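One structure is given here, and the rest of the page talks about it.
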Amino acid sequence: MIALIDANAFFCSVEKVFHPGLDGKPVCVTGSNDGIIVALTPEAKAVGLHRGDPVFKVRDIVEHNNVTIFSTNMYLYAAMSRRINSILRSCVQRVDQYSIDEAFTYLDGYEKYYNIEEYMRDVVNKIKLWTDVPVSVGIAQSKTLAKMSSKFAKNYKGYNGVCMIDTEAKRRKALELFNLSDVWGIGRQTFQKLNYYGIHSALELADKKESWIRSHFNKAMVQTWMELNGIPCIDTSEVKQKQTICTSRSFGDMVTELDSLKSSVASFAASCANKLRGQDSVSGSITVFICSNNFRTDLEQYSNGSTYTFLTPTSDTIEITKAAMSLLEAIYRIGIHYKKAGVILGDICTALPIQQNLFDEIKNRPQRRKLMSVVDNINQRYGLKSLCLGVEGLEKQSWHVKSDHRSGNYLSDINEILTIKI
DNA sequence: TCTGGGGTCCTAGGACCC
DNA sequence: TCTGGGGTCCTAGGACCC
């Protein structure tokens with residue numbers, strides 16, 4: 001059997017850990033620029049808020065119902081995620097972390113010694129006791145069924161945090177009750193297509209003939225179909241190395257000047273390069289893109305991107321930033337109000353062994369690599385951007401992202417640890 | 001005034017080969 | 001009148017995930 005451990009309204013739950021008194025109250029976490037709602041508690045859903053709502057459109061609901069708003073604080077959530085994961089790993093042999101708030105575990109063999117439902121309930125309680133974050137567990141023969149089952153565990157108190165689908169009757173019952181559009185792997189397009197073919201429940205989908213699925217859909221759907229029928233076929237084992245690395249932001253205020261754009265794109269490039277070195281990789285190509293605000297129909301729209309291929313794959317911030325600057329200059333158009341820009345590194349491969357290039361213009365690569373590792377060490381010790389390229393700019397820039405309700409880095413910064421007065 | 005960010009995988013179609 | 005057959009590789013874009 002496979003178990004999925006899923007934190008309930010994870011970002012909100014973490015905020016609640018450090019802001020007592022919010023239990024039972026509506027809480028939301030907003031995305032970058034405090035633009036949209038990215039996470040919300042059931043209480044916030046109950047007053048009419050949804051994931052994805054632009055904050056400015058729901059301001060009335062927020063004020064009327066005293067909804068507490070937090071800006072995303074990924075450092076804090078990642079730190080909490082690590083804690084939960086380590087508890088999990090101390091309880092179960094094999095854990096695949098799937099996202100910041102979800103992990104799959106494999107329980108084969110555990111049934112010989114434990115009642116696995118009770119065993120996982122103990123894990124749920126332990127995580128709650130040690131971190132104060134509520135999690136739900138779904139147990140089933142496949143990951144798609146386990147995911148489904150975890151939603152039942154989350155939505156019905158009677159399960160006490162753990163729902164197990166271990167008989168054919170339970171599987172059919174669950175499929176019958178479950179929202180088709182909530183099935184893992186079925187997005188908006190596929191949902192509509194299924195409706196078009198007269199399929200409206202997960203059970204109807206699972207009961208179709210395999211040949212029919214194969215002739216009307218793609219490989220992904222065949223997998224989903226098999227998983228719904230209890231045949232596991234989705235692999236989530238860890239990806240060692242990212243194939244693309246992207247840093248992009250919407251700006252707090254729109255940007256028109258090339259210099260401001262340069263400062264933003266330079267800092268995105270530096271961030272990408274930093275992530276790249278973090279996984280001991282080099283990148284063979286870089287893309288820079290910029291775009292205007294397509295919600296503003298009154299302004300001229302323009303968006304463009306351009307890609308450069310490195311002669312020698314690199315993770316050097318100076319080299320990557322230089323390339324980013326020329327790409328930006330090539331696509332920049334005067335008179336546009338830019339809302340967003342980004343840098344994508346592609347063709348990523350391991351840093352060693354290095355494929356040398358006869359025509360490489362950088363002759364001192366070993367020294368440059370040492371320089372980068374010094375920069376990384378300093379920034380790790382004294383904080384991001386303690387040391388950066390001048391083109392990134394020193395003062396706070398107009399493109400700077402808004403985040404007015406961010407809580408402290410209680411778990412990762414010694415200066416921001418909570419003080420408790422007794 | 002104001003509408004997120006970062007990924008993966010699959011597929012169709014183009015360009016090319018003999 | 002009539003315009004092949006069988007491949008490979010690459011890429012852009014779509015769909016999905018959190």
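Computed over heavy atoms, backbone and side chain alike; hydrogens, waters and symmetry mates excluded. Please read these numbers as outputs of a predicted model, since none were measured by experiment.
Looking at the side chain of Thr244(A), the nearest of the listed nucleotides dC18(C), dT8(B), dG6(B) is dT8(B). Minimum atom distance to the side chain of Asn218(A) is reached by dC10(B), of the listed dC10(B), dC17(C), dA15(C). With distances taken from any side-chain atom of Lys242(A) to the nucleotides dC18(C), dG7(B), dG4(B), the minimum falls on dG7(B). Among the nucleotides dG5(B), dT3(B), dC18(C), the one closest to the side chain of Ser248(A) is dG5(B). For Lys339(A), the listed nucleotide lying nearest its side chain is dT3(B); candidates were dG4(B), dT3(B), dC18(C). In the set dC18(C), dG4(B), dT3(B), the nucleotide with an atom closest to the side chain of Val38(A) is dG4(B).
Going from atom CZ of Arg188(A) over to atom C1' of dG14(C) covers 12 Å, rounded to whole Å. If you measure from atom CG of Asp53(A) to atom P of dC2(B), you get 18 Å, rounded to the nearest angstrom. Going from atom CG of Asp298(A) over to atom C1' of dC2(B) covers 13 Å, rounded to whole Å. In this structure, the OH atom of Tyr98(A) is 12 Å from the P atom of dT8(B), given to the nearest Å. We find that CG of Asp235(A) is positioned 11 Å from P of dC10(B), with the value rounded to whole Å. At whole-Å resolution of the value, NE2 in His400(A) and P in dC2(B) are 19 Å apart. The NE2 atom of His50(A) sits 17 Å away from the P atom of dG4(B) (whole-angstrom rounding). Following rounding to the nearest Å, Met254(A) (CE) and dT1(B) (P) show an atom-to-atom distance of 11 Å.
The side chain of Lys57(A) places no N or O atom within less than 4.0 Å of a non-bridging phosphate oxygen (OP1 or OP2) of dT1(B). For the OP1/OP2 pair of dC9(B) and a distance below 4.0 Å, the side-chain nitrogens and oxygens of Gln243(A) include at least one atom meeting the criterion. Side-chain nitrogen and oxygen atoms of Ser250(A) include at least one within less than 4.0 Å of the OP1 or OP2 phosphate oxygen of dG5(B). Taking only side-chain nitrogens and oxygens, Ser32(A) comes nearer than 4.0 Å to OP1 or OP2 of dG5(B). Between Lys340(A) and dG5(B), a side-chain N or O to OP1/OP2 separation shorter than 4.0 Å is present. The phosphate of dC2(B) has neither OP1 nor OP2 within less than 4.0 Å of any side-chain N or O from Asn33(A).
Across all strands shown, Lys193(A) has no heavy atoms under 4.0 Å from either base or sugar-phosphate atoms. Within 4.0 Å (heavy atoms only), Ile100(A) reaches no atom of the nucleic acid at all. Within 4.0 Å of Thr190(A), counting heavy atoms only, lie sugar-phosphate atoms of the nucleic acid but no base atom. Within the nucleic acid shown, Asn293(A) comes within 4.0 Å of sugar-phosphate atoms alone, with no base atom in reach, counting heavy atoms only. Counting any heavy atom pair closer than 4.0 Å across all strands shown, Val343(A) reaches no nucleic acid atom. At a threshold of 4.0 angstrom between heavy atoms, the contacts of Thr30(A) with the nucleic acid are absent. Within the nucleic acid shown, Asp34(A) has no heavy atom closer than 4.0 Å to any nucleic acid atom.
Between Glu176(A) and Arg172(A), none of the side-chain N atoms (NZ, or NE/NH1/NH2) sits under 4.0 Å from a carboxylate O, so this pair counts as no salt bridge. Between Glu257(A) and Lys262(A) no salt bridge is recorded (no basic side-chain N to carboxylate O distance below 4.0 Å). A salt bridge is defined here as a Lys NZ or Arg NE, NH1 or NH2 lying under 4.0 Å from an Asp or Glu carboxylate O, and Glu392(A) with Lys385(A) meets this definition.
The side-chain hydrogen bond (donor to acceptor under 3.5 Å, both in side chains) test with Trp399(A) is passed by exactly one of Ser250(A), Ser260(A), Ser263(A), Ser264(A): Ser263(A).
Summary of the strand contacts: Arg51(A) and Lys219(A) both lie near DNA chain B, and taking for each the nucleotide with the nearest heavy atom, the more 5' one is attributed to Arg51(A). Two residues, Gln241(A) and Gly35(A), neighbour DNA chain B, and the one matched to the more 5' nucleotide by heavy-atom proximity is Gly35(A).
Stacking annotation: Phe295(A) is stacked on the base of dT3(B) (ring centroids less than 5.5 angstrom apart, interplanar angle below 30 degrees).
When both distances must be under 3.5 Å, the Watson-Crick or G-U wobble mate of dC18(B) is dG5(C).
Ring-plane geometry between Phe268(A) and Phe251(A) is classed as parallel, the angle between the planes falling under 30 degrees on a 0 to 90 degree scale with a further cut at 60.
Cation-pi check for Lys209(A) over Trp212(A) is not met; the charged atom does not lie both under 6.0 angstrom from the ring centroid and within 45 degrees of its normal.
Taking atom C1' in both dC17(C) and dG4(B), one finds a spacing of 15 Å when rounded to whole Å.
Minimum heavy-atom separation, Lys151(A) to Asp182(A): NZ-O, 3.9 Å.
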